[in-house]
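Within every chain, numbering begins at 1; the chains are lettered A, B, ... in the order of the sequence lines, protein sequences first and strands thereafter. Just so it is clear, the structure is predicted and the values come from calculations on it, not from any experiment.
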Protein chains: 2
Amino acid sequence: MKAKTPNRAYHHGNLREAVLLAAGQALESGGAGSVSLREISRELNVSHTAPRRHFPTKQALLDALAIHGYARLGVTLSRAIGDRDADFDIRLAKATRALVRFAVKHPVLLGHMFAAKHHPAAPPELLEASDLAFSSGLKLIAEGQETGNVVAGDPELLALVPFATVQGLIVVSSQGYFKGVSLEQLVEDATYRIIVGLRPRS
Amino acid sequence: MKAKTPNRAYHHGNLREAVLLAAGQALESGGAGSVSLREISRELNVSHTAPRRHFPTKQALLDALAIHGYARLGVTLSRAIGDRDADFDIRLAKATRALVRFAVKHPVLLGHMFAAKHHPAAPPELLEASDLAFSSGLKLIAEGQETGNVVAGDPELLALVPFATVQGLIVVSSQGYFKGVSLEQLVEDATYRIIVGLRPRS
DNA sequence: ACCTGAACACCGTTCAAGT
DNA sequence: ACCTGAACACCGTTCAAGT
């Protein structure tokens with residue numbers, strides 16, 4: 001019985017991934033406060049100091065969770081935005097819709113991602129992961145400027161308002177609904193108004 | 001000495017207030033995770049179970065912190081909005097400015113207020129405190145509709161977008177600046193664009 | 001009513017030691 | 001290199017008891 005049984009006594013096939021997954025579930029179910037290294041270790045049948053090889057501290061685990069979240073969000077966003085031949089308004093709508101779907105699916109994770117990013121002691125990898133995740137969105141704004149759909153100005157500054165609005169709407173209606181109106185509908189309306197506001201004066 | 005010396009209790013004149021104050025400082029300095037009942041009790045020279053009379057659980061203390069925050073924000077907002085004779089745009093600008101100043105002054109508290117409000121187990125008093133805090137803003141929107149400055153529609157729904165944008169901007173630029181632009185400037189620009197978007201088509 | 005002190009079951013982190 | 005188990009200093013919460 002020394003073959004690879006799923007519950008091998010010595011060590012997990014991939015402890016890092018397993019811890020990350022369990023931590024993600026704990027986070028989503030009860031916030032960052034209910035992520036416990038000891039409890040996760042117990043679930044994985046591993047000593048409570050084993051995760052320390054992969055995540056030297058609890059904060060490191062929480063940061064890794066946020067980085068992983070940004071990586072997933074980045075993939076989702078860049079896929080939704082697609083190639084630059086398509087219509088600007090459609091690409092923008094798809095991007096916001098993708099962001100909203102991510103938010104509805106992982107509300108606590110998204111909140112944690114933002115909180116972790118703005119923590120004073122956030123590691124550089126986390127900031128880089130965030131920048132990378134939103135880079136496709138920034139490129140979209142820049143291309144919108146080239147095609148005359150967006151006013152001139154710093155793309156990062158211009159993108160800030162729609163990003164912030166979406167983020168704020170998500171926070172405000174974190175259950176996915178606000179007064180019976182779906183978050184997707186709310187964001188679509190808000191985005192439309194903001195985009196109109198970003199158009200060059202004609 | 002059986003007389004009711006109301007403020008000469010065993011130790012503290014007003015333990016509730018003292019705990020709330022200390023908890024607020026702990027929150028603002030290091031997030032909700034660094035609020036410790038035992039540590040606060042130590043600082044106040046009181047046994048670690050004494051606060052339990054006022055806050056039966058740590059969650060109750062955190063909720064009370066959020067409620068207190070909403071009460072202060074509500075006062076600030078209703079003062080800024082002033083009486084209904086003044087110009088609509090000015091009142092709105094003052095309201096957003098007041099909100100931004102509160103955010104800059106108490107960034108972690110504001111984040112905690114929103115998080116606490118959207119916690120599944122949030123007590124009704126917390127939701128009521130939030131509603132009350134924003135009631136003057138809702139009234140402003142409603143009056144804007146009367147005077148033709150805002151499109152028809154559910155005021156709460158219309159107010160959601162500017163509220164969410166401000167909240168999102170605060171989260172995104174929680175240090176008070178974003179790329180060298182002050183949060184106040186960011187919010188003022190965003191608010192202007194959104195208000196224009198809310199105007200009835202003429 | 002308000003507060004105390006001991007007890008309980010948890011936690012993150014450190015460290016010497018095992019394989 | 002990766003993992004273990006004991007130890008340490010902290011938590012929040014409960015409870016019988018003091019004033």
Side-chain angles (χ1 to χ4, degrees), chain A residues 1-27 29-66 112 116 119 121 123, chain B residues 1-27 29-66 112 116 119 121 123:
Chain A
M1 276 340 212
K2 311 169 59 181
K4 357 175 82 184
T5 66
N7 258 1
R8 261 161 88 189
Y10 187 57
H11 72 325
H12 231 268
N14 197 338
L15 185 57
R16 207 195 118 94
E17 299 293 320
V19 169
L20 217 45
L21 185 71
Q25 289 169 341
L27 178 77
S29 83
S34 68
V35 174
S36 159
L37 282 171
R38 286 182 109 109
E39 190 176 341
I40 290 169
S41 301
R42 245 178 274 126
E43 286 171 11
L44 300 178
N45 284 324
V46 117
S47 100
H48 60 272
T49 52
R52 198 160 192 276
R53 297 293 128 190
H54 305 283
F55 310 101
T57 180
K58 186 181 178 180
Q59 190 56 51
L61 173 58
L62 291 175
D63 287 341
L65 229 37
H112 171 68
H119 192 81
Chain B
M1 276 341 208
K2 318 168 55 181
K4 351 180 84 188
T5 58
N7 265 359
R8 294 285 244 111
Y10 283 65
H11 276 88
H12 250 272
N14 198 339
L15 185 57
R16 207 195 117 94
E17 299 292 320
V19 169
L20 218 44
L21 185 71
Q25 289 169 341
L27 178 77
S29 82
S34 69
V35 174
S36 158
L37 282 171
R38 285 182 111 109
E39 191 176 340
I40 290 169
S41 301
R42 246 178 273 127
E43 286 172 11
L44 300 178
N45 284 323
V46 119
S47 100
H48 59 272
T49 53
R52 198 159 192 276
R53 297 292 128 192
H54 305 283
F55 310 102
T57 180
K58 185 181 178 181
Q59 190 56 50
L61 172 58
L62 291 175
D63 287 341
L65 229 36
H112 171 67
H119 192 80

Can you tell if the side chain of [X] reaches within under 4.5 Å of the side chain of [Y], non-hydrogen atoms only?
X	Y	value
V35(B)	I40(B)	yes
V19(B)	H54(B)	no
L20(A)	L61(A)	yes

Check your understanding: Of the nucleotides dC3(D), dT14(C), dA6(C), which one has an atom closest to the side chain of T49(A)?
Key -> dT14(C)
Nearest-Å distance for atom pair [atom1]/[atom2], residues [X] and [N]:
X	N	atom1	atom2	answer
R52(B)	dC3(C)	CZ	P	14 Å
H54(B)	dA1(C)	NE2	C1'	10 Å
R16(A)	dA1(D)	CZ	C1'	16 Å
F55(B)	dC3(C)	CZ	C1'	16 Å
R53(A)	dT19(C)	CZ	P	17 Å

Under the side chain to side chain contact (heavy atoms under 4.5 Å, CB included) rule, collect the residues that match up with [X], sequence neighbours excluded.
X	answer
T57(B)	Q59(B), A60(B)
E17(B)	N14(B)
E39(B)	S36(B), R42(B), E43(B)

Exercise for review: Would you jot down, in residue-number order, the residues of residues 56-65 of chain A having a non-hydrogen atom under 4.0 Å from DNA chain D?
Suggested key: none
Practice item. Would you check if the side chain of H112(A) reaches a backbone N or O of A32(A) as a donor-acceptor pair within less than 3.5 Å? Key: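 Judged by distance alone, no pair lies under 3.5 Å.
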Review point. Hey, can you pull the residues of residues 35-43 of chain B with a non-hydrogen atom under 4.0 angstrom from DNA chain C?
Key: R38(B)
**Study point:** Secondary structure string for DNA chain C (Watson-Crick or G-U under 3.5 angstrom, | for other-strand pairs)
**Key:** ||.|||||...|||||.||
Can you see which heavy atom on [X] is nearest to which on [Y], and at what distance?
X	Y	result
L15(A)	P51(A)	CD2-N, 4.2 Å
S34(A)	A26(A)	OG-O, 3.3 Å
G24(B)	L65(B)	N-CD1, 3.9 Å

Review point. Got a second to check how far K58(B)'s NZ is from D63(B)'s CG, nearest 0.5 Å?
Key: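 These two atoms lie 12.0 Å from each other.
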Point to revise | Distance below 4.0 Å between H48(A) side-chain N/O and dC10(C) OP1 or OP2 | key: no
